[in-house]
Undergrad: 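Below is a structure I'd like to ask you about.
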Amino acid sequence: MKKKLVITILLVLIPVAIISVIFNILTQKGIDINITNQTNREITGLYVTYNEIKSELRIPSLRPGEKYKLNVSDEKNSNENFSEGALLLEYKDKNGDVQTEYIAGYIQIGFSGYASVKIIDMDKTGKLKMKIKDNTY
């Protein structure tokens, strides 16, 4: 009796879970980016950009341990000439040199997905060490 109940519950829950995941993927607009400062220093001057963006997306200063989430989509952030490019995180080091990290190596019209940026260290020149994972489609 218990075995049949467990099987029945699983037969109901598995399709519901699959439908929920598919619905989430199909309705996702743009890329949700989570940025986490895992250093013991405040991080400032970060911005997200790509070719044909209307304006760079400035990231507010992040205190140690602080997280910031933003969404980037072609509908709200791109100008009419956008077709494809790379999603970048940029900042200036202590020498004033622009440093570039790739959040997603390829994006195009209708892009969507998720990305995680973990800032884990800063060297004496102000260059950041990051772990970036993306799941874009």
Side-chain angles (χ1 to χ4, degrees):
M1 183 70 171
K2 287 183 181 182
K3 191 175 184 180
K4 286 183 180 183
L5 179 63
V6 170
I7 291 173
T8 303
I9 291 172
L10 287 175
L11 287 174
V12 171
L13 290 179
I14 291 173
V16 169
I18 291 171
I19 290 170
S20 295
V21 169
I22 291 171
F23 179 77
N24 188 31
I25 290 171
L26 293 176
T27 59
Q28 170 76 22
K29 296 213 182 240
I31 298 175
D32 289 330
I33 304 170
N34 292 302
I35 302 172
T36 306
N37 179 2
Q38 294 183 337
T39 73
N40 59 1
R41 302 181 197 178
E42 185 172 9
I43 304 295
T44 61
L46 299 174
Y47 57 93
V48 174
T49 190
Y50 56 92
N51 64 318
E52 305 300 342
I53 192 170
K54 289 179 184 173
S55 64
E56 298 166 342
L57 302 170
R58 301 267 175 206
I59 308 300
S61 295
L62 297 172
R63 294 184 308 271
E66 190 173 10
K67 297 178 182 181
Y68 182 76
K69 182 178 180 177
L70 74 148
N71 178 274
V72 179
S73 76
D74 61 329
E75 289 179 4
K76 67 181 177 186
N77 301 113
S78 300
N79 66 35
E80 63 277 356
N81 296 322
F82 175 75
S83 62
E84 62 184 8
L87 188 61
L88 309 172
L89 180 68
E90 295 186 338
Y91 64 95
K92 289 184 180 179
D93 62 19
K94 291 181 180 178
N95 297 323
D97 297 327
V98 174
Q99 300 294 322
T100 302
E101 298 287 337
Y102 283 77
I103 296 174
Y106 181 77
I107 57 173
Q108 62 184 1
I109 293 173
F111 63 85
S112 60
Y114 306 91
S116 169
V117 178
K118 294 179 181 177
I119 304 167
I120 56 176
D121 197 16
M122 178 192 300
D123 69 17
K124 62 183 177 183
T125 67
K127 190 169 181 182
L128 301 174
K129 183 176 180 184
M130 302 180 195
K131 289 183 181 178
I132 299 175
K133 293 181 183 177
D134 80 280
N135 182 15
T136 55
Y137 37 90

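Not measured: the values here are computed from a predicted model.
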Undergrad: Where do T136 and A104 come nearest, in terms of heavy atoms and distance?
TA: CG2-CB, 4.0 Å
Undergrad: To the nearest 0.5 angstrom, please state how far the CD atom of E75 sits from the CD1 atom of I109.
TA: 10.5 Å
Undergrad: Has K94 got more than 12 heavy atoms of other residues, nucleotides or ligands less than 6.0 Å from its NZ?
TA: yes
Undergrad: For R63 and N37, work out which heavy atoms get closest and say how close.
TA: O-ND2, 3.2 Å
Undergrad: Grouping I, L, V, M, F, W and Y whenever their side-chain heavy atoms are under 4.5 Å apart, do I119 and I132 come out in a common cluster?
TA: yes
Undergrad: Answer yes or no: is there a side-chain heavy-atom contact under 4.5 Å between Y50 and I103?
TA: no
Undergrad: Would you give the length of the straight line joining atom CD1 of I35 to atom NZ of K67, rounded to the nearest 0.5 angstrom?
TA: 13.0 Å
Undergrad: Starting from I53, can I reach L88 by hopping between I/L/V/M/F/W/Y residues whose side chains sit under 4.5 Å apart?
TA: no
Undergrad: Taking L128 as the starting point, is it possible to reach Y47 by hopping between hydrophobic residues whose side chains are less than 4.5 Å apart?
TA: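 Different clusters: Y47 never reaches L128 through Ile, Leu, Val, Met, Phe, Trp or Tyr contacts under 4.5 Å.
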Undergrad: I need the N40 CG to M122 CE distance, nearest 0.5 Å.
TA: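 Rounded to the nearest 0.5 Å, the CG-CE separation comes to 9.0 Å.
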Undergrad: Counting neighbours of OH on Y106 that are heavy atoms of other residues, nucleotides or ligands and sit closer than 6.0 Å, is the number greater than 12?
TA: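 Enclosed: over 12 neighbouring heavy atoms sit under 6.0 Å from OH of Y106.
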Undergrad: What heavy-atom pair brings F82 and N51 nearest, and what distance separates the two atoms?
TA: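 Closest approach of F82 to N51: CD1-O, 3.5 Å.
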Undergrad: Show the nearest heavy-atom pair for residues G30 and S73, with the distance to one decimal.
TA: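 Result for this residue pair: CA-CB, 3.6 Å.
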Undergrad: Under 4.5 Å between side-chain heavy atoms, hopping through other hydrophobics if needed: is there a path connecting L11 to I9?
TA: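 No, L11 does not connect to I9 through the hydrophobic network.
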Undergrad: Give a yes or no answer on whether the side chain of T39 reaches the backbone of R41 with a donor-acceptor pair at less than 3.5 Å.
TA: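 A pair under 3.5 Å: yes.
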Undergrad: Find the distance between CD (Q38) and NZ (K129) and round it off to the nearest 0.5 Å.
TA: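 Rounded to the nearest 0.5 Å, the CD-NZ separation comes out at 11.5 Å.
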Undergrad: If you draw a 6.0 Å radius around NZ in K92, do more than 12 non-hydrogen atoms from other residues or ligands fall strictly inside?
TA: no
Undergrad: For the hydrophobic clusters of this structure (ILVMFWY residues joined by side-chain heavy atoms under 4.5 Å, transitively), does one cluster hold both V98 and I59?
TA: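 No.
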Undergrad: Give the C-alpha distance, both sets of side-chain angles, the deciding distance and a yes or no for side chain to side chain contact (heavy atoms under 4.5 Å, CB included) between D32 and K69.
TA: CA-CA 7 Å; D32 289 330; K69 182 178 180 177; 4.1 Å; yes
Undergrad: Using a 3.5 Å distance criterion without hydrogens, assess whether the side chain of D93 forms a donor-acceptor pair with backbone atoms of D97.
TA: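 Side chain of D93 to backbone of D97: a pair is present.
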Undergrad: Give me the atom names and distance for the closest heavy-atom approach of S61 to T44.
TA: OG-CG2, 3.0 Å
Undergrad: Are side-chain N/O atoms of Y68 and E66 paired as donor and acceptor at under 3.5 Å?
TA: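 Result is no, nothing qualifies.
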Undergrad: Do L87 and I33 come close enough that some side-chain heavy atom pair is under 4.5 Å?
TA: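 A side-chain contact exists here, since the closest heavy-atom pair is under 4.5 Å.
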Undergrad: Looking only at side-chain N and O atoms, does Q99 offer a donor or acceptor that is under 3.5 Å from a partner on Y91?
TA: no
Undergrad: Could you state the interatomic distance from CG (D74) to CD (E80), rounded to the nearest 0.5 Å?
TA: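 Those atoms lie 13.0 Å apart.
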Undergrad: Do K54 and N77 come close enough that some side-chain heavy atom pair is under 4.5 Å?
TA: no
Undergrad: If every non-hydrogen atom of E52 is compared with every non-hydrogen atom of N81, which pair is closest and at what distance?
TA: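 It is OE1-CB, 3.5 Å.
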Undergrad: Indicate yes or no: at least one non-hydrogen side-chain atom of L46 is less than 4.5 angstrom from one of V117.
TA: no
Undergrad: State, without any angle test, whether N71 and K29 hold a side-chain donor-acceptor pair at a distance under 3.5 Å.
TA: no
